[in-house]
**Student:** 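Okay, here's the structure, questions in a sec.
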Amino acid sequence: MSVHSSASIKRITTHILQEMKQRGEKISMLTAYDYSMAKIVDAAGIDIILVGDSASNVMAGHETTLPITLDQMIYHASSVVRAVKRSFVVVDIPFGSYQGNSSEALRSAIRIMKESGAHAVKVEGGAEIKESVVRILSAGVPVMGHLGLTPQSIYKFGTYTVRAKEDAEAAKLLEDAKILEECGCFAIVLEKIPAALAKKVAETVSIPVIGIGAGGDVDGQVLVMHDMLGITQEFKPRFLRQYADLQQVMTDAFKNYIQDVKSQHFPNDSESY
Ligand code: KIV
């Protein structure tokens with residue numbers, strides 16, 4: 001581990017992320033979807049902010065990530081970008097905006113970059129979306145891949161259980177990671193796969209590999225902000241470490257406020273004009 005901490009660097013870039021992998025400094029990544037949260041997480045020193053399509057779940061209350069639209073992703077991304085001074089901002093291209101049509105993929109990526117001011121996009125899949133990845137990269141837009149449990153394909157999988165436990169799926173995942181690297185992706189997210197496989201991928205490819213439910217032997221970690229803050233309480237997979245219980249903190253604050261309003265303890269004289 002280097003003594004040269006990334007916290008002293010002004011603005012995170014793909015180049016800096018690559019250097020962090022090379023010197024063994026782990027990359028921290030969290031999701032954010034709005035200005036206020038992004039401002040706090042950026043100031044705390046996070047390396048990458050992902051404007052994930054998990055916004056579909058935690059911001060909009062949908063069961064899956066599929067319904068969120070490109071316009072909605074751009075709205076969330078532009079709110080995040082306005083808050084950020086140091087972090088590298090990556091935006092998910094939503095379901096239906098890049099699969100199977102590389103021209104549409106390019107158009108979607110360009111809209112995200114132009115209209116939100118983000119720094120990169122993320123797409124789910126390997127060989128099957130290669131053409132789209134290459135097309136986006138050809139426009140100079142950095143691309144992050146996403147393999148393993150890819151929530152946009154949840155109806156194909158039928159379940160949110162661990163992926164690539166069988167040899168054939170593990171071999172395809174490793175091949176897909178190599179393809180994404182060869183295409184020019186700057187990093188890959190691996191979601192919910194065996195730790196040994198994730199380690200192998202991180203050792204095989206030269207680009208940073210960021211895990212979520214993929215063990216500790218990768219180049220960095222990502223969590224969904226609402227899950228790690230304990231705002232969402234119903235989602236508790238094994239990989240999730242909850243760093244706060246904000247649902248309790250917020251409920252207490254709301255209850256105290258309601259009580260103060262009802263009992264006329266708020267506002268008092270010093271809170272009035
Ligand atoms: O949308 C998202 O939040 C993600 C992370 C789970 C990696 O893709």
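All values reported here derive from a predicted model rather than from experimental measurement. For ligands, and for the atoms within them, numbers begin at 1 and follow the listed sequence.
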**Student:** Say whether, by atom type as modelled, one donor and one acceptor occur between the side chain of K21 and the main chain of A202 under 3.5 angstrom.
**Tutor:**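 It does hold such a pair.
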**Student:** Can you name the atoms of ligand 1, numbered from 1 with element, that are less than 4.0 Å from a heavy atom of I212?
**Tutor:**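 Here the atoms of ligand 1 in question are 6 (C).
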**Student:** Before you tell me yes or no, could you show the steps for F235 and H226 under ring-ring contact (aromatic ring centres under 6.0 Å, His included), namely the whole-Å CA-CA distance, both residues' side-chain angles and the distance that decides it to 0.1 Å?
**Tutor:** CA-CA 10 Å; F235 181 68; H226 290 59; over 10 Å; no
**Student:** Relative to the heavy atoms of V224, which atoms of ligand 1 are at a distance of less than 4.0 Å?
**Tutor:**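 Near V224, the atoms of ligand 1 are 3 (O).
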**Student:** Any atoms of ligand 1 less than 4.0 Å from a non-hydrogen atom of T31? List them with their elements.
**Tutor:**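 Answer for ligand 1: 3 (O).
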**Student:** Within a distance under 4.0 Å of any heavy atom of G52, pick out the atoms of ligand 1 and give their elements.
**Tutor:**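 Those of ligand 1 that fall under 4.0 Å from G52 are 1 (O), 2 (C), 3 (O).
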**Student:** Have S79 and D34 got a donor and an acceptor in their side chains that come within less than 3.5 Å?
**Tutor:**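 The criterion, which ignores hydrogens and geometry beyond distance, is not satisfied for D34 and S79.
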**Student:** Have S153 and E124 got a donor and an acceptor in their side chains that come within less than 3.5 Å?
**Tutor:**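 Judged by distance alone, the side chains do not pair up.
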**Student:** Does some non-hydrogen atom of E124 fall short of 4.0 Å from ligand 1?
**Tutor:**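 Contact absent.
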**Student:** Out of L147, I210, V143, which residue meets the side chain to side chain contact (heavy atoms under 4.5 Å, CB included) rule with I188?
**Tutor:**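 When L147, I210, V143 are each tested with I188, the side chain to side chain contact (heavy atoms under 4.5 Å, CB included) holds only for L147.
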**Student:** Please list, in number order, the atoms of ligand 1 under 4.0 Å from a heavy atom of D53.
**Tutor:**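 Reading through ligand 1 atom by atom, the close ones are 1 (O).
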**Student:** Name the option, out of K122, Q152, M29, that contains the heavy atom nearest to atom 8 (O) of ligand 1.
**Tutor:**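 The nearest heavy atom belongs to K122.
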**Student:** What is the nearest protein non-hydrogen atom to atom 4 (C) of ligand 1, stated with its residue, atom name and distance?
**Tutor:**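 Checking every protein heavy atom, the shortest distance to atom 4 (C) of ligand 1 gives L50 CD2, 3.5 Å.
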**Student:** For ligand 1, indicate whether the residue D92 contacts it via side chain, backbone, both or neither (heavy-atom separation under 4.0 Å).
**Tutor:**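 D92 to ligand 1: side-chain contact only, backbone stays beyond 4.0 Å.
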**Student:** Anything under 30° is parallel, anything over 60° is perpendicular, the rest tilted; go ahead and classify F186 against F88.
**Tutor:**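 Taking F88 first and then F186, their aromatic rings stand perpendicular (interplane angle over 60°).
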**Student:** Among side-chain atoms of H15 and T13, is any donor-acceptor pair under 3.5 angstrom?
**Tutor:**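 No, no side-chain donor-acceptor pair sits under 3.5 Å.
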**Student:** Report the nearest protein non-hydrogen atom to atom 2 (C) of ligand 1: residue, atom name, distance rounded to 0.1 Å.
**Tutor:**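 The closest one turns out to be S54 OG, 3.3 Å.
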